[in-house]
Amino acid sequence: MNLNFNAVPIQAILIILILILGIYFVRKSRSRLAGRVVMILFVLILSIFVLLPDITTWIANLLGVGRGTDFLFYTFALFVLYALGLISVRMRDQDRKITQITRALAIQNAQKPGRSREQNS
Amino acid sequence: MTEPKSNATVYIIIPAYNEGPVILDVLREVSQPGYQVVIVDDGSSDNTYQRVSESQANSASIGQIHLLRHTVNLGQGAALATGIQYALAEGARILVTFDADGQHLVSDIPALIAPILSEEAEVVLGSRFLGTQQGESLVNETEEPIWGATVNIPWGRRVLLKFAILFTGLTEKIWLSDAHNGLRAFSAEAAKKIKITQNRMAHASEIVSEISRLKLRYVEVPVHIRYTDYSRMKGQRASDAINIMIELLEVLFTGEER
């Protein structure tokens with residue numbers, strides 16, 4: 001494990017992006033403290049991975065995965081699946097609410113038949 | 001008992017999505033026998049709503065029309081569910097679902113609601129394959145309705161519908177002669193129990209599965225279908241069958257949303 005500060009410009013780019021996005025999400029997050037803490041931890045871990053890429057290899061070996069890149073790839077895949085699941089649950093929830101609102105509105109604003117002879121209601 | 005039920009407590013529920021060109025013709029036909037007609041405009045982007053609304057204001061000739069509108073397009077299943085909920089609140093005794101594209105014949109309705117009036121069944125499903133000599137008079141190149149047969153059924157659609165019947169039979173253990181016919185009748189009690197949660201097209205299968213779940217007494221009645229150029233153009237394509245299956249599989253995997 002060696003710090004290679006003089007190494008690659010990509011590290012600088014990634015760190016800046018992670019910080020910007022991290023700050024954006026933490027500020028925008030309407031959730032409780034816990035959500036923000038998790039977000040900050042996430043940013044920290046990502047930054048460490050960027051600055052010390054060898055750590056990922058170390059973790060990978062610990063888990064029985066060949067390379068650090070592979071470890072990151074698997075983690076990423078799992079994360080994306082989790083996020084997709086979360087989003088689809090939310091979407092379904094919203095769809096149901098939209099249906100309810102639309103239905104209530106339609107029934108409330110129904111145009112009933114006009115003046116007619118034998119109608120009494 | 002003999003029931004003095006007039007057509008005024010029979011509610012015809014018509015979900016309409018972009019049916020501007022034909023909607024008034026369909027309405028004129030359907031409201032003729034004095035039925036209550038509930039149009040649910042499913043957020044059409046054409047002039048369906050305006051046309052019905054204007055004719056409702058202008059002429060008394062078009063009968064008892066109730067006009068409802070979804071502000072956003074939700075799908076045919078959702079539109080039916082809205083119409084059913086509304087009609088029940090209005091005191092409907094019998095509810096009939098009817099497609100807006102003119103493929104059904106109003107003259108089939110009395111036969112459709114007869115089993116409910118006689119309390120022989122709670123749900124009546126229209127079938128285009130019942131009471132026809134299989135395969136013969138089905139294909140006809142004219143646009144005229146032929147009595148006793150489904151008119152102008154395209155070959156591809158026939159195969160598609162047979163697959164739908166097979167699928168419904170396998171999944172619901174209810175073997176129907178026609179699984180996806182838009183013409184159905186429900187008693188008010190049955191309509192209250194049936195929950196339609198499938199907003200889009202899979203509601204047809206969902207209704208069958210509700211019949212099976214609730215153990216409703218049902219019967220199939222032969223009805224006619226007019227395959228006009230318009231309904232063919234508007235109707236479902238083979239790809240829709242795949243979409244419907246995917247919608248149903250979604251329900252299987254994600255659990256029912258009741």
Side-chain angles (χ1 to χ4, degrees), chain A residues 21 24-25 28-32 34-36 38-39 41-42 63-65 70-121, chain B residues 6-9 15 27 31 34-43 49-50 52-75 77-91 196-200 250-251 253-255 257-258:
Chain A
L21 286 177
Y24 174 75
F25 280 126
K28 235 191 101 199
S29 149
R30 281 169 297 163
S31 66
R32 303 135 293 134
R36 298 181 178 209
V38 169
M39 202 33 141
L41 279 179
F42 190 61
L63 294 173
V65 181
D70 292 337
F71 162 71
L72 278 187
F73 179 73
Y74 295 145
T75 318
F76 178 71
L78 286 178
F79 183 76
V80 167
L81 280 179
Y82 168 75
L84 270 180
L86 209 69
I87 289 170
S88 83
V89 166
R90 254 188 220 176
M91 287 250 295
R92 202 197 319 271
D93 227 49
Q94 285 203 338
D95 278 353
R96 195 167 10 205
K97 281 180 193 151
I98 290 171
T99 301
Q100 283 168 359
I101 295 167
T102 307
R103 178 161 300 146
L105 214 60
I107 291 173
Q108 200 180 319
N109 296 336
Q111 283 186 32
K112 306 200 174 188
R115 62 276 104 89
S116 66
R117 302 125 300 181
E118 72 242 326
Q119 182 93 352
N120 47 355
S121 68
Chain B
S6 70
N7 285 345
T9 54
L27 279 186
S31 61
Y35 300 122
Q36 303 284 332
V37 181
V38 180
I39 299 280
V40 184
D41 171 46
D42 191 20
Y49 185 83
Q50 287 78 358
V52 179
S53 182
E54 277 164 24
S55 75
Q56 192 189 29
N58 294 340
S59 69
S61 69
I62 207 153
Q64 299 285 309
I65 307 286
H66 306 250
L67 178 57
L68 280 68
R69 169 155 68 169
H70 282 168
T71 41
V72 290
N73 176 246
L74 294 177
L80 275 180
T82 299
I84 289 171
Q85 194 178 321
Y86 171 83
L88 287 173
E90 291 286 297
I196 299 177
T197 59
Q198 293 290 306
N199 274 1
R200 287 169 288 164
E250 271 173 20
V251 177
F253 284 122
T254 58
E257 345 176 334
R258 301 215 169 86

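None of these values were measured; they are calculated from a predicted model. All heavy atoms count here, side chains included; hydrogens, waters and symmetry mates do not. Letters go in sequence order (proteins before strands), and every chain restarts at 1.
Between B/L74 and A/I98, the closest side-chain pair of non-hydrogen atoms falls below 4.5 Å.
Between the CG atom of B/L68 and the CD atom of A/Q108 there is a distance of 11.0 Å, given to the nearest 0.5 Å. Atom-to-atom distance recorded for A/I107:CD1 and B/H70:NE2 is 7.5 Å, nearest 0.5 angstrom. Going from atom CZ of A/R96 over to atom OG1 of B/T197 covers 9.0 Å, rounded to the nearest 0.5 Å.
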Problem set entry | From CA spacing to verdict: side-chain contact (heavy atoms from CB on, under 4.5 Å), B/N199, A/D95 | CA-CA 9 Å; B/N199 274 1; A/D95 278 353; 5.6 Å; no
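Nearest heavy atoms, A/K112 versus B/H66: CA-ND1, 4.3 Å.
The residue among B/A79, B/A78, B/G83 with the most heavy atom pairs within less than 4.5 Å of chain A is B/A78.
Contact of B/A89 with chain A is not made at all, since no heavy-atom distance falls under 4.5 Å.
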